[in-house]
Amino acid sequence: MSGPRRAHSDSTPLLEHRHSSHHHHHRFSSHPTTAIEMTTPPPPRRSVYLGVDVGTGSARAGLFDEDGKLLGSASSPIQIWKEGDCIEQSSTDIWLAICTAVKAACSLANVAAEEVTSLGFAATCSLVAVDSDGEPVSVSWSGDTRRNIIVWMDHRAVKQAERINSSNSPVLQYCGGAVSPEMQPPKLLWVKENLQESWSMAFRWMDLSDWLSYKATGDDTRSLCTTVCKWTYLGHAHMHQASEKDSRDMEACGWDDQFWEEIGLGDLVDGHHAKIGRSVAFPGHALGSGLTPDSAKELGLLTGTPVGTSLIDAHAGGVGVMESKPVSDPKSNEDDEEAICGRMVLVCGTSTCHMAVSRSKLFIPGVWGPFWSAMVPEFWLTEGGQSATGALLDYVIENHVASPHLVKSAASRRISIFELLNEILESMKHELGSPFLAALTNDTHVLPDFHGNRSPIADPKSKGMLCGLTLDSSDKQLALVYLATIQGIAYGTRHIVEHCNAHGHKIDTLLACGGLAKNPLYIQEHVDITGYPIILPRENESVLLGAAILGTVASKKYTTIREAMKALNTAGQVVYPSQDPKVKNYHDAKYRIFRGLYEQQLAHRSIMAEALA
């Protein structure tokens, strides 16, 4: 897979182009009448901000101008190995994919290396293992050394997570009362217990986005985003000793050594926590001396280009949209502080993250956080989530007998399968004389916990449920299940928002970004089901913009992340809830059924546990 990537030479035309423009410049400057010309300043160089995001299936690069407008983006696929609960990737493969994507984006947008003034990385919260030479260390049963990343969604460490949660350590209150098997301590414990050789070889354990900035700059400083959200680091240890404006790397004083010792990972405390992070910084802090000569060469950029401390991809989505204000917004003049605290960002991809910030710390059972400075520095972050959303819609569609025929039909019309299903639903609404589209699913109900419930129930054992099946296997039946699944996901979001508001948040506006936000039906159902408007960003690539914002702070273009957000976030369309009271009544009724499905599942679980006792 990596073969063709190495041969990729997107940057050659750029190099020739730069060479020839340099050549012209040289000709002019040796002209006999250069006295006046030499004093003429060169035309101002445009500043282009680069953001890189490593998602679950691809690495993407996006270039933005000084107004936060996307000039061009490119993506390159990454390899993934799945065996049961074990899901793995390779850091070598990911870096090659990034280099390919960056060169392709620069070529596509016609941007020269000199114009790229800064760079920021975002990535999934996957766990990377490297040895003392920075080479990969296997985390796989297979022993394959390429496979040195445990992917975020890997659930091999469910038992370890249960054991860690039984410790009742005080750090757990900062992640909703319990660690998830998707966080790093359970995964680290799994490696120590199952792959002793790898455990002793690993010199650094890093979140993927921190590994990317380390690979780019040679600076091992970790982000307050990754360490606080995924490693139980207590970021608020820095609350009174540092502010974002005096950006520096800070000695990591937020680790709870007793926690690591209690759970059986005391060896990670050694050497001032060298393996997991001896220094931390706010997102957007300038790392090292910028790009090292090697990484600059591989990326086709200039040595020394500033690189900001990273964010997890969902958090970068939050930074890329949270300050998007519609021009007509009556609350635009409201105190900023209050306005940002009334918003929740839905970052909708393979899974969905629900991001909300507050000035005071709010402890919300079953919802991750409060995390200090993990997204917007000096604000507390609450992070709800659904483990499978985009992944669930793909699963529902791909496993239906009507799927191949619909995929073919969509491809022949050059539209997505979602657009085709949305059309089928529209025509069903007319055929059946349904009062509104959502009412088509009055007999079909979905509990979307196919990969457990992350929030607000925090039950990784919860299972998906689908009610209302018949022998029908037509296109229309698939369209109904697809609609009911979207609604199930939206009821899950409503549950999260209600739960957060019941525990001190004041959310009244949603923002959405990511792949699923491009589907108008998905957005409309969320709006009608929650009862809150959704602001969509002008730029679809919010995660890439959030990553690029990190670089703009590192290059000192902006002094804080928030200042950069205000300058570069821009609202696009705003979608409002239906004014029809019947729509509200319908969803209120279905929401009661949705909540009841989980209660039924619990009852079934205890009946069966008793039978097998």
- Assess the side chains of S462 and D449: does a donor N or O sit below 3.5 Å from an acceptor N or O? yes
- Specify the closest pair of heavy atoms between L287 and S213, including all atoms of both residues, with the distance to one decimal. CD1-CB, 3.4 Å
- Item | Side-chain heavy-atom pair L516, L393 within 4.5 angstrom cut-off | yes
- Task: Show your reasoning for whether salt bridge (Lys or Arg N to Asp or Glu O under 4.0 Å) applies to R605 and D459.
- Result: CA-CA 13 Å; R605 213 189 274 177; D459 179 358; 2.8 Å; yes
- Judged by atom type as modelled, is there a donor-acceptor pair below 3.5 Å linking the side chain of S58 to the main-chain atoms of G55? no
- Message: Taking salt bridge (Lys or Arg N to Asp or Glu O under 4.0 Å) as the definition, give me every residue that meets it alongside R595, ordered by chain and number, with sequence neighbours left out.
- Response: none
- Message: Once rounded to the nearest 0.5 Å, what's the spacing between atom CZ of F121 and atom OG of S310?
- Response: 7.0 Å
- Message: I'd like to check the ring pair (Phe, Tyr, Trp, His ring centres under 6.0 Å) partners of H354; sequence neighbours left out, ordered by chain and number.
- Response: none
- Item | Listed partners of Y586 passing ring pair (Phe, Tyr, Trp, His ring centres under 6.0 Å), at least two apart | F436
- Message: Just to verify, what does P448 make a side-chain contact (heavy atoms from CB on, under 4.5 Å) with, not counting sequence neighbours?
- Response: L392, I489, F594
- Message: Between K230 and D210, does any side-chain N to carboxylate O distance fall below 4.0 Å?
- Response: no
- Flag the pair H499 / P365 as yes when at least one side-chain heavy-atom distance between them is below 4.5 Å, and no otherwise. yes
- Item | side-chain contact (heavy atoms from CB on, under 4.5 Å) against T552, all qualifying residues, sequence neighbours excluded | Y49, S118, I549, K557, Y558, A564, L568
- Message: I want to check something: taking the side chain as every heavy atom from C-beta on, are L381 and V376 in contact at a cut-off of under 4.5 Å?
- Response: no
- So do N165 and L172 actually touch side chain to side chain, heavy atoms under 4.5 Å? yes
- From T530 OG1 over to L510 CG, what is the distance, rounded to the nearest 0.5 angstrom? 5.0 Å
- Task: List in chain and number order the residues that pass ring pair (Phe, Tyr, Trp, His ring centres under 6.0 Å) with H495, two or more places apart in sequence or in another chain; answer none if no residue qualifies.
- Result: none
- Message: Let me confirm one number: the SG-CG distance from C225 to L550, rounded to the nearest 0.5 Å.
- Response: 9.0 Å
- Kindly indicate whether the side chain of M183, heavy atoms from C-beta on, has any atom under 4.5 Å from the side chain of C175. yes
- Residues in ring pair (Phe, Tyr, Trp, His ring centres under 6.0 Å) contact with W368, at least two apart in sequence or another chain: none
- Whether W260 and W231 hold their rings parallel, tilted or perpendicular, with breakpoints at 30° and 60°: tilted
- Item | side chain to side chain contact (heavy atoms under 4.5 Å, CB included) between T226 and I312, worked out | CA-CA 6 Å; T226 54; I312 297 165; 3.9 Å; yes
- According to the side-chain hydrogen bond (donor to acceptor under 3.5 Å, both in side chains) rule, which pairs have a member within residues 510-526, sequence neighbours left out? N422-N519, Y482-N519, Q487-E525, Q524-D528
- Message: If you define the side chain from C-beta out and look only at heavy atoms, does anything of M322 sit under 4.5 Å from V357?
- Response: yes
- Message: Show, in sequence, the C-alpha distance, side-chain angles and deciding distance for H505 and M344, and conclude whether the side chain to side chain contact (heavy atoms under 4.5 Å, CB included) test is met.
- Response: CA-CA 10 Å; H505 275 285; M344 177 178 265; over 6 Å; no
- Compare all side-chain heavy atoms of P370 with those of L362 and state whether any distance is below 4.5 angstrom. no
- Message: Counting only heavy atoms from other residues, nucleotides and ligands, does the tally under 6.0 Å from CD of E251 exceed 12?
- Response: no
- residues 570-584 vs salt bridge (Lys or Arg N to Asp or Glu O under 4.0 Å), sequence neighbours excluded, gives K584-D588
- Message: Using every non-hydrogen atom in the two residues, find where T221 and S279 come nearest and quote the distance to one decimal.
- Response: OG1-OG, 3.2 Å
- Query: Crowded around E498 CD? As in, over 12 foreign heavy atoms under 6.0 Å?
  - Reply: yes
- Knowing that exactly one of F259, F371, F363 qualifies, which makes a ring-ring contact (aromatic ring centres under 6.0 Å, His included) with Y174? F363
- Measure the CG-CG distance between L602 and L597 for me, rounded to the nearest 0.5 Å. 11.5 Å
- Task: Please find out if less than 6.0 Å separates the ring center of H238 from that of W372.
- Result: no
- Task: Give the intermediate values and the outcome of ring-ring contact (aromatic ring centres under 6.0 Å, His included) for residues Y233 and W255.
- Result: CA-CA 5 Å; Y233 186 81; W255 294 115; 4.9 Å; yes
- Check whether the side chains of S169 and S167 place a donor and an acceptor atom closer than 3.5 Å, and report yes or no. no
- Query: Which residue pairs pass the salt bridge (Lys or Arg N to Asp or Glu O under 4.0 Å) test when at least one of the two sits in residues 163-186, sequence neighbours left out?
  - Reply: R163-E193, E182-R454
- Task: State whether a side-chain donor-acceptor pair under 3.5 Å links S223 with T309.
- Result: no
- Message: Would K506 and C341 count as a side chain to side chain contact (heavy atoms under 4.5 Å, CB included) here? Give the steps.
- Response: CA-CA 7 Å; K506 297 181 178 66; C341 297; over 6 Å; no
- Apply salt bridge (Lys or Arg N to Asp or Glu O under 4.0 Å) to R562 and E244, showing your working. CA-CA 10 Å; R562 186 99 192 273; E244 184 189 7; over 6 Å; no
- Residue pair A547 / V52: nearest heavy atoms and the distance that separates them: CB-O, 3.7 Å
- Item | Flag side-chain contact, heavy atom, 4.5 Å: E378 against R359 | yes
- Task: Sequence neighbours left out, what passes side-chain contact (heavy atoms from CB on, under 4.5 Å) with A391? Give chain and number order.
- Result: T350, A388
- Query: With sequence neighbours left out, what residues match P435 under side-chain contact (heavy atoms from CB on, under 4.5 Å)?
  - Reply: A439
- Item | Separation between SG of C125 and CH2 of W152, rounded to the nearest 0.5 Å | 7.5 Å
- Note on the structure: Closest non-hydrogen contact found for M565 with G318 is CE-O, 4.2 Å
- Task: State, to 0.1 Å, how close L483 and L521 come at their nearest heavy-atom pair, and which atoms those are.
- Result: CD1-CD2, 4.1 Å
- Query: Does E563 pair with K245 as a salt bridge, N-O distance under 4.0 Å?
  - Reply: no
- Please assess V396 against L466 for the test side chain to side chain contact (heavy atoms under 4.5 Å, CB included), listing each intermediate value before the final yes or no. CA-CA 11 Å; V396 164; L466 169 52; over 6 Å; no
- CD-CD1 distance between Q386 and I496, expressed to the nearest 0.5 angstrom: 4.5 Å
- Query: Which atom pair, heavy atoms only, marks the closest approach of L311 to A316?
  - Reply: CD1-CA, 3.7 Å
- Message: Just checking E599: does its CD atom have more than 12 heavy atoms from other residues, nucleotides or ligands closer to it than 6.0 angstrom?
- Response: yes
